[in-house]
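All remarks here apply to the structure that follows.
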Number of protein chains: 2
Amino acid sequence: MTSMKAIRRFKVQQPKSLVTIVEERLRKAIIDAEMRFGEALSEDALSSALGVSRTPVREALARLQLQGLVTIVPKKGTFVFAPTAEDVAELCTFRFMLETNALRECLATAREATLDGMTGAIAAMDAAQASGTRHDYARADTGFHEVFFLHCGNRYLGNAYRSVSGRVAALRTHLSVPLEGEQARSMSEHRLMVEAFANGRLADLDGILRQHILRARDAYGDVLRRASAG
Amino acid sequence: MTSMKAIRRFKVQQPKSLVTIVEERLRKAIIDAEMRFGEALSEDALSSALGVSRTPVREALARLQLQGLVTIVPKKGTFVFAPTAEDVAELCTFRFMLETNALRECLATAREATLDGMTGAIAAMDAAQASGTRHDYARADTGFHEVFFLHCGNRYLGNAYRSVSGRVAALRTHLSVPLEGEQARSMSEHRLMVEAFANGRLADLDGILRQHILRARDAYGDVLRRASAG
DNA sequence: CAATCTCCGTCTGTATGCAAGATACAGAAC
DNA sequence: GTTCTGTATCTTGCATACAGACGGAGATTG
């Protein structure tokens, strides 16, 4: 029948499963610091709070564990992840590696699209800095770094990043680094990265990125050490 | 009682959960090519075959999906993953990136231990080549590459590798590359890598590794293209 | 008063039951 | 003969029920 092609356009997106909904809700709760590091999560409490049965909650928690956002201790309970300074250091090192490689790919195969994405993210950060909350800025920051993986053309690279991006985002919001000049400094570094990328200066890009991420690493490490000491 | 501290040392590792057992069993079945790419897996059939209820089976399948070993299609079923040539290419590229970085870390911080591990793995490969099955050789090969991540000192790097190692291992056994000289060539490349590592020649190491992995990529790609064409 | 034992509440791990979507096939209508 | 439709039977998604493990409060004993 000739009208079939037209009909196909009506295909509806099937509703998200409860597992997905719960997962996203909890993910947001953890990342946006609605819960504290190490806080206990009872499957029972969550299921009644969210109005679903324990089954999807349980499955969602399992997924979050794979993303490193919660820690499941057999027979004891599930807890919001609690990073140590070492954790953060390794995490940042790893992140630097992923981003460097993603950027290299972007520069080689999707220069225009990546540049567009970056400038768009910068605009969002500007807006957030001007009028938004700190959370808005953090979200925009996250978005900036995600651009690389959207255009890098390697799904595995993107998956690997996604498997740690939750933790990175959570660190950003939980440890609202108290340094005053922090946002301004972050912004200027992001701008520098866009510029280096536009000019195809890969070495510069690596340097800025390294500095950007490793500085974050030290800042987070300091805050954590202070927290565990005090 | 003062003897409690001594008694604690006898604590036995608690029995694995059913989920873990099922997961490992299925993982092995997929990796060792007991099932074919794309084959359907029914929760019901699996649960009765394994003698457990559907719950742990379901959870295990969810985990395997996160490792990329199965694909879950809502309301339709679960299937053994079915890689395309593109998949394989991206996978190998990613793998090269991870291994390169891991090796760099090993060379910098755990030279001796890594070298020991590599030579041990080489010995296992020799043994497998002399008298073992092709599966034995594949397992030893997998072991060789795992050494890097054992000693690289970055858990995230190791996790990322583990999240794709299943697929890599499955490719190795499923696509038993028919080229005759393959094993010998692979062996010699591994030996070259050990040598370059021992001498600290990082650039050489990168080159060999790149060649080693990218050649595997092309070989797998060929087999897959031929399979999908024929 | 301190150390230890015991019991109980709470948690997770697993089994099972039920509902709803997807597919394949048989049969009816043209 | 071809196409459509209804149904039978698969599949998963989710809810609930039950049992075993862990941890803490209180009882018990030195």
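In what follows, chains are A, B, ... by sequence order, proteins preceding strands, each numbered from 1. Bear in mind that the values here come from a model prediction, so they are computed numbers and not experimental data.
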Self-check item: Parallel, tilted or perpendicular: ring planes of B:Y161 versus B:F149, cut at 30 and 60 degrees
Solution: parallel
Quiz item: Mapping A:V19 and B:A45 to their closest nucleotides on DNA chain D, which lands nearer the 5' end?
Solution: B:A45
Practice problem: Answer yes or no: is there a side-chain heavy-atom contact under 4.5 Å between A:D141 and A:S186? | Solution: yes
Self-check item: Interatomic distance where CD belongs to B:E43 and P belongs to D:dT9 [whole Å]
Solution: 21 Å
Quiz item: Rounding to a whole Å, what distance do you find between A:E59:CD and C:dG13:C1'?
Solution: 14 Å
Practice problem: Select base, sugar-phosphate, or nothing to describe what A:V52 touches, counting heavy atoms under 4.0 Å on all strands. | Solution: sugar-phosphate
Quiz item: Nearest to the side chain of A:S53, which nucleotide is it out of D:dA15, D:dG13, C:dA15?
Solution: D:dA15
Quiz prompt | Heavy-atom check, side chain of B:L171 versus side chain of B:V168, under 4.5 Å | solution = no
Quiz item: To the nearest angstrom, how far is A:F79 atom CZ from C:dC11 atom P?
Solution: 11 Å
Self-check item: Euclidean distance, atom CG of residue B:L61 to atom P of D:dT12 [Å, nearest integer]
Solution: 8 Å
Quiz prompt | Between A:F148 and A:H145, ring centroids under 6.0 Å | solution = yes
Exercise. Send over the distance from A:E39 CD to C:dC11 P, rounded to a whole Å.
Key: 14 Å
Practice problem: Examine distances only and state if a side-chain atom of A:E105 and a backbone atom of A:A102 form a donor-acceptor pair shorter than 3.5 Å. | Solution: no
Exercise. Round to a whole Å and report the spacing from CG of B:D44 to P of C:dA19.
Key: 17 Å
Quiz prompt | Any donor-acceptor N/O pair under 3.5 Å between C:dT16 base and B:T55 side chain | solution = yes
Exercise. For A:L18 and D:dG13, give me the distance from atom CG to atom P, rounded to whole Å.
Key: 11 Å
Quiz item: A:R54 side chain: which of C:dT12, D:dT11, C:dT23 is closest?
Solution: C:dT12
Exercise. Find the distance B:L50:CG to C:dA15:C1' and express it as a whole number of Å.
Key: 15 Å
Quiz item: Among the nucleotides C:dT14, D:dC22, D:dT12, which one has an atom lying closest to any side-chain atom of A:K76?
Solution: D:dC22
Self-check item: Selected nucleotide, minimal atom distance to A:K75 side chain, candidates D:dA15, D:dC22, C:dA15
Solution: D:dC22
